[in-house]
Amino acid sequence: MLNICFMGNPKFAVQTLDVLCKDSNFDVKLVVSSKDKKRSRNKVTPTEVKKYAMENNVPVSTPDSVNTEEFVKELKDLEIDFIIVVAFGQLIGNLLLEEFHDRIINLHPSILPKYRGAAPMQFTLLNGDKETAPTTMLIEKGMDSGDILLQNVVNVDINDDYYSLENKMSNLGSKAIKYTLLNFDKLYVNRIKQDDSKATFTKKISKEMGNINWENDSFAIYNQIRALIDYPKAYFHYEGKNVKVLESEILDSYQGNPGYVYEADSKNNIIIGTKNGAIRINKLQFPGKKAMDTKSFLMGNDFKKGIYLDD
């Protein structure tokens with residue numbers, strides 16, 4: 001049985017933790033997560049990983065830093081064999097790297113060295129990629145630059161949004177971590193060094209990235225909507241309000257007329273021109289209102305047709 005320390009924070013990491021906790025090959029000795037903080041509706045709540053650990057009676061710790069002699073000693077006392085890192089947030093420093101040399105494994109949801117950094121799944125969708133991969137890799141000092149242990153390429157469907165892609169990668173990633181641990185020696189011998197010359201980096205997703213520019217082509221706008229469905233949600237300006245777009249589809253039967261509202265009724269939904277066609281908005285949300293399918297919204301609300309949207 002392998003003794004595991006698991007480090008992670010968000011929902012994406014929970015399925016991997018669940019797989020490790022329920023498999024008799026592993027003993028999750030300690031879960032490490034970030035401290036409780038204000039999240040939705042300003043309530044102070046634990047991370048999804050900490051919440052899982054508490055609900056399943058797994059020891060959990062929220063240190064200010066994992067890069068201390070005290071924390072390293074705690075792991076040594078627990079006789080940890082491997083540290084598994086999934087969307088944890090803290091950088092792993094020299095103390096841990098030296099003590100657990102080549103025994104710290106990270107799950108990263110992209111085809112490394114493509115999309116190193118904080119938002120690989122969002123950028124996979126933003127760029128309209130047709131494939132991605134859950135990658136298990138050794139952690140080193142660089143940003144997602146360690147040697148690759150396992151990388152299984154999967155298709156990204158045109159209908160995938162961030163939520164469906166996150167579920168897919170969480171499921172496949174949990175299996176990848178399990179396989180990597182059970183076959184570590186073989187994978188380690190055959191590990192692949194990343195080609196840094198081919199590396200690309202993602203940036204943190206900001207609210208401003210949600211602002212739709214109707215001068216872009218339809219595919220770029222569609223990708224923006226599906227990539228940012230969790231945060232910050234794509235939005236456009238209408239009569240001084242930011243209207244969030246939650247579901248859309250591309251229409252090729254329109255000529256490019258950026259920002260022009262072609263249709264706004266319960267039969268056609270809302271159709272807005274782009275650089276090379278149009279986008280039909282199927283689900284939206286006005287400020288202070290619940291998200292609604294566009295047909296239902298238009299049955300009780302007006303939306304002006306034949307205008308150009310605000311910049």
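Only a predicted model underlies this, so the values are computations on that prediction, with no experimental measurement involved.
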Between the side chain of [X] and the main-chain N/O of [Y], is any donor-acceptor distance below 3.5 Å?
X	Y	answer
Thr202	Ala119	yes
Asn3	Glu79	yes
Lys168	Asn155	yes
Gln224	Met209	yes
Asn269	Asn282	no

Between Asp196 and Arg116, does the salt bridge (charged side-chain N to carboxylate O under 4.0 Å, His left out) criterion hold? Intermediate values first, please.
CA-CA 11 Å; Asp196 290 340; Arg116 294 177 180 175; 2.8 Å; yes
Taking atom CG of Asp77 as the centre, report whether more than 12 heavy atoms of other residues, nucleotides or ligands fall under 6.0 Å from it.
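Yes, enclosed.
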Flag if over 12 foreign heavy atoms under 6.0 Å of CD1, Ile158
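Yes - once you tally the heavy atoms of other residues, nucleotides and ligands closer than 6.0 Å, there are more than 12.
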Dump the intermediate steps for side chain to side chain contact (heavy atoms under 4.5 Å, CB included) on Gln194 and Leu112, then the final yes or no.
CA-CA 7 Å; Gln194 292 191 47; Leu112 290 172; 3.7 Å; yes
For a quick check under 3.5 Å, do [X] and [Y] share a side-chain donor-acceptor pair by atom type?
X	Y	value
Asn25	Asp23	yes
Asn167	Ser164	no
Thr136	Thr180	yes
Thr47	Ser34	no
Asp217	Asn276	no
Glu140	Ser145	yes
Asn9	Glu48	no
Tyr179	Asn152	no

Nearest atoms (heavy-atom pairs only) where [X] meets [Y]:
X	Y	result
Phe26	Met1	C-CG, 3.8 Å
Val60	Ala53	CB-CB, 3.9 Å
Ile281	Thr294	O-OG1, 2.8 Å
Lys244	Pro232	CE-O, 4.4 Å
Asp144	Asn106	OD1-ND2, 3.7 Å
Gly117	His108	O-CE1, 3.4 Å

Mutual orientation of the aromatic rings belonging to Tyr262 and Tyr254 [parallel < 30°, tilted 30-60°, perpendicular > 60°]:
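Because their plane-to-plane angle lies in the 30° to 60° range, the rings of Tyr262 and Tyr254 count as tilted.
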What is the ring orientation for Tyr235 with His237, classed by angle as parallel under 30°, tilted 30 to 60°, or perpendicular over 60°?
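Rings of Tyr235 and His237: perpendicular, over 60°.
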Hey, are the side chains of [X] and [Y] touching, using non-hydrogen atoms and a 4.5 Å cut-off?
X	Y	value
Ile212	Leu309	no
Val243	Lys233	no
Val154	Met169	yes
Leu96	Glu99	no
Pro46	Met54	yes
Gln90	Val85	no
Asn171	Gln15	yes
Met292	Gln285	no

Would you check if the distance from the ring center of Tyr231 to the ring center of Tyr162 is below 6.0 Å?
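Here the rings of Tyr162 and Tyr231 have centres that are no less than 6.0 Å from each other.
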Would you say the ring centroid of Phe201 lies under 6.0 angstrom from that of Tyr115?
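Ring centroids of Phe201 and Tyr115 are no less than 6.0 Å from each other.
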Take Asp160 and Arg226 through the salt bridge (charged side-chain N to carboxylate O under 4.0 Å, His left out) test and state the conclusion after the steps.
CA-CA 7 Å; Asp160 274 327; Arg226 65 187 183 132; 5.9 Å; no
So, is the end of the Arg191 side chain (NZ or CZ) under 6.0 Å from the ring centre of Tyr188 and within 45° of the ring's axis?
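Yes, Arg191 and Tyr188 form such a contact.
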Starting from Val58, can I reach Phe12 by hopping between I/L/V/M/F/W/Y residues whose side chains sit under 4.5 Å apart?
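Phe12 and Val58: one cluster.
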Before you tell me yes or no, could you show the steps for Lys35 and Asp64 under side chain to side chain contact (heavy atoms under 4.5 Å, CB included), namely the whole-Å CA-CA distance, both residues' side-chain angles and the distance that decides it to 0.1 Å?
CA-CA 8 Å; Lys35 293 185 180 299; Asp64 291 323; 2.6 Å; yes
What's the verdict on side chain to side chain contact (heavy atoms under 4.5 Å, CB included) for Ile177 and Ile105, showing C-alpha distance, side-chain angles and the deciding distance?
CA-CA 8 Å; Ile177 285 289; Ile105 301 172; 4.0 Å; yes
Going through the distances and angles, do Asp265 and Lys295 end up as a salt bridge (charged side-chain N to carboxylate O under 4.0 Å, His left out)?
CA-CA 7 Å; Asp265 57 65; Lys295 181 178 181 179; over 6 Å; no
Decide ring-ring contact (aromatic ring centres under 6.0 Å, His included) for Phe297 and Phe303; before the verdict, give the C-alpha distance in whole Å, the side-chain angles of both, and the deciding distance to 0.1 Å.
CA-CA 9 Å; Phe297 170 81; Phe303 195 99; 7.1 Å; no
Is there a side chain to side chain contact (heavy atoms under 4.5 Å, CB included) between Thr135 and Leu150 once you walk through the steps?
CA-CA 6 Å; Thr135 300; Leu150 182 66; over 6 Å; no
Given salt bridge (charged side-chain N to carboxylate O under 4.0 Å, His left out), test Asp157 with Lys130 step by step and report yes or no.
CA-CA 7 Å; Asp157 191 85; Lys130 295 181 179 180; over 6 Å; no
Give me the one residue out of Glu263, Glu249, Glu247 that meets salt bridge (Lys or Arg N to Asp or Glu O under 4.0 Å) with Arg280.
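Exactly one candidate clears the test, Glu249.
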